[in-house]
Number of protein chains: 2
Amino acid sequence: MSADPAIRRDIPDATVARLPEYLRALSDVADRGISSVSSEELAQAAGVRSTQLRKDLSHLGSYGIRGVGYEVEHLALEISRALGLTQDWPVAIVGMGNLGRALAAYSGFATGGFHVAAVFDEDAALAGALVADLPISPMTDLALLVRERGITIGVIATPAASAQSVCNALVEAGVRSLLNFAPLVLVVPDDVDVRRVDLSTELHVLAFHEQRKSLPPELGVAR
Amino acid sequence: MSADPAIRRDIPDATVARLPEYLRALSDVADRGISSVSSEELAQAAGVRSTQLRKDLSHLGSYGIRGVGYEVEHLALEISRALGLTQDWPVAIVGMGNLGRALAAYSGFATGGFHVAAVFDEDAALAGALVADLPISPMTDLALLVRERGITIGVIATPAASAQSVCNALVEAGVRSLLNFAPLVLVVPDDVDVRRVDLSTELHVLAFHEQRKSLPPELGVAR
DNA sequence: CAGTGTGAACCACTTCACAGCC
DNA sequence: GGCTGTGAAGTGGTTCACACTG
């Protein structure tokens, strides 16, 4: 029997991408003092359809009560467990420009599952300066601090020009999950996961849709 | 005949999401003084497979030369045109905390297609302070400035608590494309596009994969 | 020939419809 | 009775295989 809820197998990527949103929606609901929600209500708060939500949750297990809904606390715990948020992940941020500082100060790190364990900058002159109560470390200390503090997730907030070498240093030090804010595609070994966040990509996509809206209403394209 | 290249019909969302990356890869290639690339080379630079790239480009038109490849300048122009980057979009940023300031200073705005036309903050005490050479405006001026400066794209960089009301103000003023950095799902009319960027979602997804890696090699899940 | 452009096959994800259960 | 959980159908996107052409 694989009744052990800790044994999770092949959750679709699309589902994983939505679980954080469900978690956030649940925390909203909990803040309003509600202890049980239907898939319909929760889906609304998360911006998806209720069938989508139920199908997604079915990949984790059967945590709802038929005819009633989901127990808020319990579901939140199960999603946290599935995402691996029952432990606290130490994160390193490299690049202390405007963005890096904003990220270091970001409260999202504090709430649930993550903390900034070290911050770095290639400019050795910045070493020692405090950012969000942490001293900026020089890149030469990277391998040491990654090991000492058990860092497994790295955030790259450097200019594009140095992003690949920073990435190499992180991977070399043993980091296998990266969040890349630099506008380029990083080359990494197969066992390293990279997620990219690119403001300019997002703006481009918006521009595309905006352009569509301002075009004369061409036949066929009904929107 | 719809030979007019300006007439673009139903480009898949997934393709639109990749076009910005192709544009960036092309600009890299151009910087290296290369004037013609094959789909294979360009795909590598963009982190996709060459068949994917060719299929994507086929939605825009037939801009390659069989047996040769793509003319860099020309392809870049056609992608820019498809994305609507041949005009300059004025953007408003609301919320001048750490993130908002970082975004205002972000050079990605300057390069190609966008410029920061106004910045706002709900804290009236900040009004007049300069951020990236622009004075912070109070929210009461929003409707006026949006109209005067032709702003069609809004960036929300406020805390979650005020994001929905800021969103309402932007929509009310006529903005129909939004980039939301606040951790919540905004409620908007059907004709408004919202894209969300959420750091904590990205971290959660990384944590999920990281957890997978550190689990004992369960049968079946080969990664 | 070398490399593009594309119908066809395949695959992943979403939505539907409803059986199952509290 | 009402809402969850899920096989089945539908949809959109990716990959393949190859015809086509400069």
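Residue numbering restarts at 1 for every chain, and letters A, B, ... go by the order of the sequence lines. Values in this document were obtained by computation on a predicted structure and should not be read as measured data.
The separation between A/Arg54 atom CZ and D/dT6 atom C1' is 10 Å, rounded to whole Å. Separating the CG atom of B/Leu53 from the P atom of D/dG13 is a distance of 17 Å, rounded to the nearest angstrom. Rounded to a whole Å, the NE2 atom of B/His59 is 11 Å from the P atom of C/dG7. We find that OH of A/Tyr70 is positioned 14 Å from C1' of C/dC22, with the value rounded to whole Å. In this entry the distance linking CG of B/Asp56 with P of D/dG12 reads 17 Å, nearest Å. C/dT4 atom C1' lies 14 Å from atom CD of B/Glu41, rounded to whole Å. Between the CG atom of A/Asp13 and the P atom of C/dT14 there is a distance of 11 Å, rounded to whole Å. In this entry the distance linking CZ of B/Arg18 with P of D/dT15 reads 8 Å, nearest Å.
For the pair A/Lys213 and B/Asp193, the salt-bridge criterion is met [side-chain N within less than 4.0 Å of a carboxylate O].
Partners of A/Arg147 according to the salt bridge (charged side-chain N to carboxylate O under 4.0 Å, His left out) rule, which considers only residues two or more places apart in sequence or in another chain, do not exist here. In terms of the side-chain contact (heavy atoms from CB on, under 4.5 Å) criterion, residue partners of B/Ala173 (sequence neighbours excluded) are, by chain and number, B/Leu142, B/Ala143, B/Val146.
The 12-atom threshold is not exceeded at CD of A/Gln44, counting heavy atoms of other residues, nucleotides or ligands nearer than 6.0 Å.
Heavy-atom nearest nucleotides on DNA chain D were determined for A/Lys55 and for A/Ile65, and the one closer to the 5' end corresponds to A/Ile65.
The nucleotide whose nearest atom lies closest to any side-chain atom of B/Ala14 is, among C/dT14, D/dG13, C/dG5, D/dG13. Of the candidate nucleotides C/dC13, C/dT4, D/dT15, C/dT4 has the atom nearest to the side chain of B/Ser39. Of all nucleotides listed (C/dA17, C/dT4, C/dT14), C/dT14 comes nearest to the side chain of A/Gln52.
Contact check, B/Arg66 against C/dT6: no side-chain N or O comes under 4.0 Å of OP1 or OP2.
Side chains of B/Leu85 and B/Phe114 form a contact here, defined as non-hydrogen atoms less than 4.5 Å apart.
Fit an axis to the five pairs at each end of the helix from C/dC1-D/dG22 to C/dC22-D/dG1 and the two axes sit 10° apart, to the nearest 10 degrees.
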